[in-house]
2 protein chains.
Amino acid sequence: MNQFTFYNPVKLVFGKESLEQLNDMVKAYSNGNKVLLTYGGGSIKKTGLYDEVMEKLSDFEVFELAGIEPNPRVETVRKGVEIVKAHDIDFIVAVGGGSVIDGTKLIAAASKYDGDAWDIVTRKAQVNDAVPFGTVLTLSATGSEMNSGSVITNWETNEKLGWGSPLVFPKFSLLNPEVLYTLPEHQTVNGIIDSMSHLLEQYFNEADNTEVQDQMISGVLKTVMKTGPIAVKDPKNYEARETLMLSSTVALNGFLRLGYVGDWATHNLEHAVSAVYDIAHGAGLAILFPEWMRYVSKQSPARFVKFAEDVFNVEASLSDEDKINYAIDELQNFWTSLGAKQKLSDYGVNAEDLEAFADKTLIYGPFGNFYKLQREDILAIYKAAL
Amino acid sequence: MNQFTFYNPVKLVFGKESLEQLNDMVKAYSNGNKVLLTYGGGSIKKTGLYDEVMEKLSDFEVFELAGIEPNPRVETVRKGVEIVKAHDIDFIVAVGGGSVIDGTKLIAAASKYDGDAWDIVTRKAQVNDAVPFGTVLTLSATGSEMNSGSVITNWETNEKLGWGSPLVFPKFSLLNPEVLYTLPEHQTVNGIIDSMSHLLEQYFNEADNTEVQDQMISGVLKTVMKTGPIAVKDPKNYEARETLMLSSTVALNGFLRLGYVGDWATHNLEHAVSAVYDIAHGAGLAILFPEWMRYVSKQSPARFVKFAEDVFNVEASLSDEDKINYAIDELQNFWTSLGAKQKLSDYGVNAEDLEAFADKTLIYGPFGNFYKLQREDILAIYKAAL
């Protein structure tokens, strides 16, 4: 492994009664009594969670920013910053999934900056301070509740960029698996694919001697594959929701990524597609990851053989090639069994789109830390996925 | 799993060059320029680490407390507290293994308390503040470098007690696997057994639905069993040292113990023996853990069958009893292959001692969170281990 620094100060509160701690937690981390509540499209009002949260926050003066969208936009963040600055807000409570939390991270940092929020995303401005915030998670997928990263979209410049700072770790995150009971099935499935993809991006890394991490990642992957179908079939199965919720937090809180970065090429391939077509992130990954694996395993097979052994318990008597093919097919079949599609054309993507996708992925040059993709590699993967 | 709160703000710096960050780290976390350096019996002077540390601390006024003993004593801690109070020390740097770090944790807390340090260990006094401290790890075993627990011995009252507080997490811990190259073989072996025992204590827990954690623990256990013999045979094998060092930190930093406490009966059984006989903690655990497993698996077999499947890949065709016996024998044979003894009598323990050991373990009543041991259980295990 490479030299690394691990640091993650988020207080993770997990269980059916976690929301009970909201009042105490905000008091512990806030220097005043003005709270901004951020959330998304309003599903928390239908489920009753909004009322519960407001009741727990009754000791505070609560301001609201509703409507943080999936793929949170910098325009919405700017509205949040305005509220924080106008009212001298002391603390932010984000109630939602990864998008609401990602947007809130930028509100927190930009509220302590004099210029425009987008400067922080583009690294024109450094983060030197942030308004403290905590989260109440309603959708399990991105891991944003326990990390310091954020992805923000700017429709003026047509960019979707990631940024991060140790100053935007949530102070706390409250996770109650029961809030997942009411998720639509496709969101449960996409959450499973998304968290598995985070584990895969990390498993295929640029370091050597990562056996501890490989085994932990494989263990979580196997658990998600065993548990996912239970939650899809029986959405109110507490144990399954509990296992999946914890898995997706663990999948991207940095603890399984000790001493390396991970590949992350497939995420870039996917973003280029979903920036144009209306494909959910998880659905796009389910199509692209197997093709990335088929292509890259031909160039650099050893790691894929180990993957087949670690995660799929392949028969030792098989050839390396058969082991790899078996593992990739099993992975894809698993996602298909949950309802994921296998081809980009199922979403209306055409062969003519592929060059434009490749252009978009290459804005910052060839990418992928395990295997660097050049233009011809990218096009080959897209073609196979079409 | 049970409801839980996970919080671990330690900054873990891992790799060959980690010591390079000492100066910056102390500056980041200290409010002044007076540092107390704590260490053990002086092996760091022989290895040259002392000189390196002093050089990195040349911007600071450094005071010293040498001689923190294995099983750190409250008398020594009191000396440290005196130095901190007399000189208004701003920061403590602990250079050593678990004992030095455990002692330092109590110095840090007791220096902000008006009464005697032992009050904190016995919970007579609450920890409300602590002098910030960081660590440079020289021996990989206890995991103290990334948790907030500490075990202190008081020879006046003949007690060895654990305590902890979120205020005594190290601010940082610097881990360089190369410092382990010069360890005597028995310390390497005991470190392996100690960290495996931490994993086992957690695997045998009182909660249900802990598949994510089970798989992560099993993964780390299997990795340690694969890697341990390499480090014993080839002490300067960097990759093996790296893997074991990371494993033992991970084994007890709380991250594999999400939603449960773990059993911890065997640790209590062992402390009673090593309080009287000169047996290293790891050596005692290697004898007692298999006998605890043989005894408790007869009372509560299901978890042991799962253990055999998760860690030892036992053949599915075996009976539950055979699976359990196979796994326990394999575990014990592994430790024996590293040089561990199998019987307490190998260390001079007599049958007449066993009642006194049992008395000692029962000071706070029956114990063990996975399976509560009563007096007759305890004696049966000790007899089998004799």
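Residue numbers start from 1 in every chain, and the chains themselves are labelled A, B, ... in the order their sequence lines are given, proteins ahead of strands. Below, each value reflects all heavy atoms present in this structure, side chains not excepted, and no hydrogens, waters or symmetry copies.
- No side-chain heavy atom of A/Gln215 sits under 4.5 Å from any side-chain heavy atom of B/Leu221.
- A/Phe6 places none of its side-chain heavy atoms less than 4.5 Å from the side chain of B/Asn8.
- Smallest separation of non-hydrogen atoms from A/Gln3 and B/Glu17: OE1-N, 3.0 Å.
- If you measure heavy-atom distances from B/Asn253 to chain A, the contacts under 4.5 Å come from the side chain alone.
- Considering every non-hydrogen atom in both B/Leu256 and A/Met216, the closest pair reads CD2-SD, 4.2 Å.
- Nearest heavy-atom pair across B/Glu239 and A/Asn209 is O-ND2, 2.9 Å.
- Chain A forms more heavy-atom pairs under 4.5 Å with one residue of B/Val220, B/Leu174, B/Leu246 than with any other, namely B/Leu246.
- Atom CG of B/Asn2 is separated from atom NZ of A/Lys16 by 11.5 Å, given to the nearest 0.5 angstrom.
- In this structure, B/Val250 and A/Leu258 approach most closely via the heavy-atom pair CG2-CD1, 4.5 Å.
- For chain B, no part of A/Asp310 is nearby; none of its heavy atoms comes within less than 4.5 Å.
- For the pair B/Leu12 and A/Phe4, the minimum side-chain heavy-atom distance is below 4.5 Å.
- Residue contact with chain B, scored on non-hydrogen atoms closer than 4.5 Å, involves the side chain of A/Met146 exclusively.
- Interface remark: B/Val212 contributes backbone and side-chain atoms alike to the contact with chain A (heavy atom separation under 4.5 Å).
- Enclosure of atom NZ in B/Lys171 is not indicated, since only 12 or fewer non-hydrogen atoms of other residues, nucleotides or ligands lie within 6.0 angstrom.
- Of the two parts of B/Ser218, neither the backbone nor the side chain holds a non-hydrogen atom closer than 4.5 Å to a non-hydrogen atom of chain A.
- The distance from atom CD of A/Glu211 to atom OG1 of B/Thr243, rounded to the nearest 0.5 Å, is 7.5 Å.
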